[in-house]
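Quick notes on the structure that follows.
Both backbone and side-chain heavy atoms feed into the values below; hydrogens, waters and symmetry mates do not. We count ligands from 1, going down the list as the structure has it; atoms in each ligand are counted the same way.
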Amino acid sequence: MHISVIGSGYVGTTVAACFADLGHEVTAIDIDEDVVDALNEGRAPIDEPGLEELLATHAGDRLEATTSYDAVPASDVTFLAIGTPSNEDGSIDLTALEAAAEAAGEALADKSERHLVVIKSTVTPTSIGDVLEPAVRRGANGNENVEVGMNPEFLREGSAVDDFLTPDKVVFGTDSEWATEKLHAVFDPLLDEHDADVVETDPATASMIKYANNAFLASKISLVNDIGNVCKEFGLDAYEVMAAVGLDDRISEQFLRSGVGWGGSCFPKDVDAIVAAARDEDYDPALLEAAVEINDRQPERLLELLEDHVDLAGARVAVLGLAFKPQTDDIRNSRAIPTIETLRDRGAEVVAYDPVAADNMRERFPEIEYADSAASALEGADGAVVVTDWDEFAALDEEFDAMADPVVVDGRRIVERRDGLAYEGLTW
Ligand SMILES: NC(=O)c1ccc[n+]([C@@H]2O[C@H](COP(=O)([O-])OP(=O)(O)OC[C@H]3O[C@@H](n4cnc5c(N)ncnc54)[C@H](O)[C@@H]3O)[C@@H](O)[C@H]2O)c1
Ligand SMILES: O=c1ccn([C@@H]2O[C@H](COP(=O)(O)OP(=O)(O)O[C@H]3O[C@H](CO)[C@@H](O)[C@H](O)[C@H]3O)[C@@H](O)[C@H]2O)c(=O)[nH]1
C-alpha cells in the first residue's frame, strides 16, 4: 500500500518509518527542507530509540521524503500529523493543521478514485466536523471521492517506535465501512504481528477517546499527587501506599509515581484543550480543572519543603533534572520551569544540571548557571531539588558532602536517603 504522511515531527516521522518497516511504500511530506533532507539521508530529525535504524534501513527504498504535496494523490491513504498547539486561553489552535488539510484536499481535487485523509493529530471532538473536513472539501473543490477519518496516536516520547509497533489498542474513527477497511489494510501488517484491540467508531468519538485517555492519565497522576501530599502530612510514604493500591487490577500499578507533577508536549496542552472545549459548551469539568491546579501546585510544595531547611534569598540552589521526563531533551512544560522561576523570584542563585536538556533550557533561562555534572552543580550549593528522575541521580552519594549544606528535596523519589544528608521526599 502507498501511504503519504504529512508532517514529519515526533509523530509523523515515527509513523512514516514504522509504516515503511511494516512493508508499506511511504512518502513523508514536510514544509521544513532540513527535515526532508535528513529523512532522505536516513537520519532522524528527532531523537527516539530505534528510529534512526528504521530510517537508515528504509530511506531511499520504501521511504521517501519531499516538500511537495504531489505524492498525495499517488498514495492510497494520507495521514496528517501536524502540531495542534494551545491558544492563550488553552483552546486548540488548528491553524497549521487546517492549512495542511486544505492543501491535501487541493492535491486531491482531480482524483477519480476514493481517497482517505486520516487525522492523526490530537483534535477536539468538533474539530473534524466543523473545521478539518470542510477544509479538505474546500481544497478538493467538492470532490466526493475524498473522505476524512480519525486515527488518534498514543505513543510516548522516548519510546515512540516501540509504542507505535506494540499498541494496546488502535482506534479507527470513520464515516464508512470502506474507510474502516482502508485503515485495516494499513494496520493489518502490524496487527498480524502484534495482538491489539481494534476500536471502530466515528471520527468525533475517536477524537474524544484520545482526550479521555490523556485526561485520565494526567488526572491519575494528580490524584496520586493529592494523596501523596496527604501522606506527607501524616508522615507516611505515598509510594508504599500506592504500591499496595496498584495491586487492585481496576487501578493498575502504572502511573502511580507521585512527585513534582506532569509536563511534556501533550498532557498540559491536551487537558487545557478539552477543558476549554467543554467550557465552550457551557460545562465546567471540575475534576480536570482540579487536576491542573494540583499539578501547578507541586513545584511550589517542593520549594516549601526546601524553605523548611534553607532561606532561599541569596542561597545557591542546585536544580537536578530539566527535561520533562528522563530519556529526552524535551523541556516543554517541564516542572523545572516553574521551579526555576520561583527560585529566582525568591532571590535564589540557581545552578542547573541535566544530562541532555541543558541546551534547551539555556534558551529559556540564559541567565542561570549550568553545570556539566550533578557533582559540580552540588558543589558549594546550600540546597538541591530533584525535578527529573534520571537514573544517574540514584547513584549520587558523596557528591552531597561537597554541598555547603547537604539538603536535598526529591521531587521524583530517585535519590537514596543516607546519613549526613538532610533528605525530604515530596510525598514520602
Ligand atoms: N509528540 C507526541 O508524543 C505525540 C503523541 C501523540 C499525539 N501527538 C499529537 O500529534 C500531533 C503532532 O505532534 P508532533 O509532536 O509530531 O508535532 P511536531 O511539531 O513535532 O511536528 C509537526 C510537523 O509538521 C510540519 N508541518 C507544519 N505545517 C505543515 C504543512 N502545512 N505541511 C507539511 N508539514 C507541516 C512541521 O514542520 C513539523 O515537522 C499533535 O496534535 C500532537 O498533539 C503527539
Ligand atoms: O507515574 C507517573 C508517570 C508519569 N509522570 C509524568 O507525566 C508526564 C508525561 O509522561 P509520559 O506519559 O511518559 O510522556 P508523554 O510522552 O508526554 O506521553 C503522554 O502523552 C502522549 C501525547 O499525547 C500520549 O500519546 C501518551 O500516551 C501519554 O503517555 C511526565 O512529566 C512524567 O514525569 C508522573 O509524574 N508520574
Requested in this report: Run the contact test for Tyr69 against ligand 1 with a 4.0 Å cut-off on heavy atoms, strictly below, and give the result.
Outcome: yes
Requested in this report: State which residues pass side-chain contact (heavy atoms from CB on, under 4.5 Å) with Thr95; sequence neighbours excluded, sorted by chain then number.
Outcome: Asp93
Query raised in the report: Less than 4.0 Å between atom 19 (O) of ligand 1 and some protein heavy atom, yes or no?
Result: no
Query raised in the report: Backbone or side chain, does any N or O of Thr122 fall under 3.5 Å from an N or O of ligand 1?
Result: yes
Query raised in the report: Using a heavy-atom cut-off of under 4.0 Å, does the side chain or the backbone of Leu155 touch ligand 1, or both, or neither?
Result: both
Report summary line: Here the salt bridge (Lys or Arg N to Asp or Glu O under 4.0 Å) pairs for residues 45-72, sequence neighbours left out, are none
**Report entry** N/O donor-acceptor pair under 3.5 Å between Asp76 side chain and His2 backbone
**Finding:** yes
Report task. Check whether NZ of the Lys or CZ of the Arg Arg412 lies under 6.0 Å from the centre of the six-membered ring of Phe393 and within 45 degrees of that ring's axis. Result -> no
Query raised in the report: Using a heavy-atom cut-off of under 4.0 Å, does the side chain or the backbone of Lys269 touch ligand 1, or both, or neither?
Result: side chain
Query raised in the report: Hey, are the side chains of Glu289 and Asp284 touching, using non-hydrogen atoms and a 4.5 Å cut-off?
Result: yes
**Report entry** Residues in side-chain contact (heavy atoms from CB on, under 4.5 Å) contact with Val317, at least two apart in sequence or another chain
**Finding:** Leu306, Leu312, Ala315, Leu343, Ala348
Report summary line: Ordered by chain then number, the protein residues lying under 4.0 Å from ligand 2 by heavy atom are Glu153, Phe154, Leu155, Arg156, Glu157, Lys210, Asn214, Ile221, Phe255, Leu256, Arg257, Gly261, Trp262, Gly263, Cys266, Phe267, Asp270, Phe324, Lys325, Arg412
Requested in this report: Tell me which part of Ile6 gets within contact of ligand 1: side chain, backbone, both or neither, using heavy atoms under 4.0 Å.
Outcome: side chain
Requested in this report: Measure Ser8 to ligand 1 on non-hydrogen atoms and call it side chain, backbone, both or neither using the 4.0 Å cut-off.
Outcome: backbone
Query - N or O contact, Asp30 vs ligand 1, cut-off under 3.5 Å - result: yes
